[in-house]
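These notes concern the structure reproduced below.
Values below: all heavy atoms of this structure, side chains included; hydrogens, waters and symmetry mates excluded. Values in this document were obtained by computation on a predicted structure and should not be read as measured data. Letters A, B, ... mirror the listed sequences (proteins, then strands); counts begin at 1.
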Amino acid sequence: MSPEQERPDSTPRMGRRTLMRWFLGIGAMSSVAALASVLGTVKPPQAEQGDQEIKSGDLLTFALGTNKGDTIERSSILPGQAALAFPKSKEIQDNLIMVFHLNTGDLIPPTRLDWAPEGFVAYSAICTHLGCTVNFSHDPMEGAPYPHIHCPCHAGLYNPQAGAKVVGGPPPRPLPQLPLTINAKGELVADGPFEEPVGVLQGGR
Amino acid sequence: METKKPGWLEERLGLSGFREKFLQKAFPVHPSFFLGEIALFSFVILVITGIYLAFSYEPSAQIVSGDGQSLPAAYHSVIGIDKQPFGLIVRQVHHWSAHLMIAAVLLHLLRVFFTGAFRKPREINWFVGCLLLFLTIFAAFSGYLLPYDAFSVTATGIGYGMVVSIPWIGPMLANFVFAGKFPVLGTIPRFYGYHVMLIPLLLLGLMALHLIVMIKQKHTEPGYNRGKVAPGQLLGIPLWPQQATLMLELFLLMTAGLLLLASAFPVHPVELYGTPGPQTPSVKPDWYLLWVYGLLKLIPGWMEGELWGAMINPEVIGGVILPGLIILIIFLVPVFARAKSPQHYMEPLSQRPVRTAMGIGALAFFLTLSAAGYEDTLGISINVFRLAAFAVPILVGLGAYLSARLVQGLMMKPREQTHKPTDSQTLEAQLRQRSSGR
């Protein structure tokens, strides 16, 4: 007597249908896994960039206009004015800086005064809300003192005299301040990288 | 008795069964039933004009020199398309069709919502339809980047910011969706893939499913058809030739209208926006995304919190969590308003005061959020809009509820008096005769 006949209902342990379902399931799952791993290896083209981090000694240059690329000197920005700048030859969007020439007496904490020689103060120009480039606004605006920084995307407002702290709109954090010095030739020079993350807080961290 | 000799195709393919099954499908005669067709035909026009554009478009952000300037290759190729004899108008028709498709899909959704056509047995098509709406908007958004002008890069940059801000998984997700940290060379090829391959294929598949389910379940009918035909039958005109003629007329009318719009009202002038630079132009998103834009403006900077080691920031709340919740609620509408038995007739707005109030209130909510996007232009304080975002939908919804109840009260008596059973057999027979009598 074979073992199958001993069992009362004589059905096999696993029917053909069940076996085929298992095969189908395993096949489908491995196909999905294979597809996912292939997709995971897709690499975008990368432009040769080199090291783009701002370092102590980087000269600041104009980011826009007819004098684009020229180094910014003490006399380049009139009092009460601001300019968009890049650290020389590190012109990626995250390095965009807004340099202000303000009255030393107007600067108040949380501005790092030791990073703001002769009233020159530099902040990241990338809004901490969703990464747009901020503007220096000459127009008075509701709830914002003059002068103020205004983001054209979702109306975020910052105060450049007080460490670019948020004074209105949705931005969650102040614009990071860049350590700044003025060299013997009168040129504006970065004195180190940003100490706070620039732009949108990635993944909330 | 002599039988007609079958035609060449009939002999080979045996189409008579197909003809009886599908070409006789009845279509209810009501103007609001054309909205889905307008969406479908917009898609057809988008595919046709899109293929033309793809012949000359170069999906690359590499800087090339052209016209004595250094320009992104994509921007340069779009300028080239605009210079072709019919290039600019085809590109404008493509853009206008995208607007029309989204508008038609949205109005279609509203029609289905307000008439209760999403209820049993049509829940599946509500879910499929919501996916179609979502994909249509994503198709439009992915198309925005392609000209690579200042507007494109700003809009996509904000999209990148929204994705990357998602707690924990944001950077990984954004890296995959945007192929790196936007703006980066990899984004255009990937978005081009979404825009011309992935999304159109998904749209096509889901549209087919949407239509198959609709044919299987039959349309809903205007309420005044109630009792005119036997249960399970649909009063309307057959697909061939009556409805097909109307469809062709609609398609031709739409093509003409889109050409008129494209020639008289230019959209997305890439030359005006210029190439992307370090500065962000002051631009607003298109009308169908204005509500998210308004929402982002309304969420104040102090509204944040920490959860399991990650910051939940205003950009996550306004750009991801709240829009996600709103979309989820819309998606789940059939779950909230269930019917016990299968429904066949459109319901008048007055018959369902609560649903009508919810729908009108939701519309008021979206419009208030969109208006909040224009707070600077309107010169109204953002705080007013923060209050209005709660107050306006509630007040408008309440007004809609009361009006619906009022109309209900006025309608109740006459309807009871005039409701007479009709000889459904006769009408059904007439209809059959009409559709087979040629």
Side-chain angles (χ1 to χ4, degrees), chain A residues 36 39-40 42-49 62-65 68 84-86 91-98 125-136 139 141-143 150-158 165-174 197 199-205, chain B residues 60 62 154 157-162 164-176 178-187 189-190 277-283 293 296-304 306-307 309-319 373 375-376 381-383:
Chain A
L39 275 180
V42 171
K43 283 272 185 294
Q46 292 289 347
E48 284 298 315
Q49 286 196 325
F62 283 107
L64 290 170
K68 180 181 171 183
L84 281 174
F86 276 124
E91 299 177 353
I92 60 166
Q93 192 69 7
D94 270 1
N95 284 350
L96 196 62
I97 299 156
M98 187 166 270
I126 309 300
C127 184
T128 60
H129 181 228
L130 284 168
C132 297
T133 304
V134 294
N135 292 327
F136 179 41
D139 306 316
M141 205 171 270
E142 185 207 342
H150 171 240
C151 180
C153 286
H154 305 99
L157 296 171
Y158 306 86
K165 70 169 184 184
V166 180
V167 288
R173 296 174 298 123
V200 188
L201 207 57
Q202 306 214 341
R205 277 179 276 211
Chain B
S60 165
Q62 291 279 10
T154 302
I158 290 171
Y160 175 80
M162 278 157 63
V164 87
S165 71
I166 298 173
W168 314 293
I169 57 161
M172 206 177 71
L173 193 65
N175 203 40
F176 182 77
F178 295 82
K181 190 182 185 318
F182 187 79
V184 72
L185 287 178
T187 315
R190 195 150 298 184
Q279 274 186 310
T280 299
S282 187
V283 292
Y293 174 73
L296 280 166
K297 279 191 169 185
L298 287 186
I299 305 297
W302 50 261
M303 198 180 276
E304 58 174 5
E306 206 186 326
L307 189 68
M311 291 301 288
I312 312 292
N313 280 326
E315 62 268 27
V316 191
I317 298 170
E375 48 87 32
D376 42 357
S381 162
I382 201 79
N383 285 321

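Within the 4.5 angstrom heavy-atom criterion, only side-chain atoms of B/Glu304, from C-beta onward, approach chain A. Of the atoms belonging to A/Pro171, it is backbone heavy atoms, and not side-chain ones, that fall under 4.5 Å from chain B. If you measure heavy-atom distances from B/Val164 to chain A, the contacts under 4.5 Å come from both the backbone and the side chain. Looking at B/Ile299, the atoms closer than 4.5 Å to chain A (heavy atoms on both sides) all sit in the backbone: N, CA, C or O. In this structure, no portion of B/Asp376 lies under 4.5 Å from any heavy atom of chain A. Interface residue B/Ile158: backbone and side-chain heavy atoms are both found under 4.5 Å from chain A. In this structure, the portion of B/Thr154 lying under 4.5 Å from any heavy atom of chain A is its side chain and not its backbone.
If you tally non-hydrogen atom pairs under 4.5 Å between each of A/Ile126, A/Leu201, A/Asn135, A/Val166 and chain B, the highest count goes to A/Leu201. Comparing A/Gly131, A/Gly199, A/Cys132, A/Gly156 by how many heavy-atom pairs each has under 4.5 Å with chain B, the most go to A/Cys132. Annotation: maximal heavy-atom pairing with chain A below 4.5 Å, among B/Pro278, B/Pro314, B/Pro171, B/Ser282, occurs at B/Pro278.
Judged as a side-chain contact (heavy atoms from CB on, under 4.5 Å), and not counting sequence neighbours, the contacts of B/Pro300 are B/Trp302, B/Met303, B/Arg386. With sequence neighbours excluded, the residues satisfying side-chain contact (heavy atoms from CB on, under 4.5 Å) with B/Pro183 are B/Tyr148.
In this structure, CD on A/Gln93 lies 6.5 Å from OG1 on B/Thr280, to the nearest 0.5 angstrom. One finds the NZ atom of A/Lys68 at 11.5 Å from the CG atom of A/Leu84 (value rounded to the nearest 0.5 Å).
Judged purely by atom type and a 3.5 angstrom limit, A/Thr133 has no side-chain atom pairing as donor or acceptor with the backbone of A/Ala125. A donor-acceptor pair under 3.5 Å links the side-chain atoms of B/Tyr293 to the main chain of A/Cys153, judged by distance alone.
At a threshold of 4.5 Å between non-hydrogen side-chain atoms, the residues A/Pro197 and A/Arg173 count as touching.
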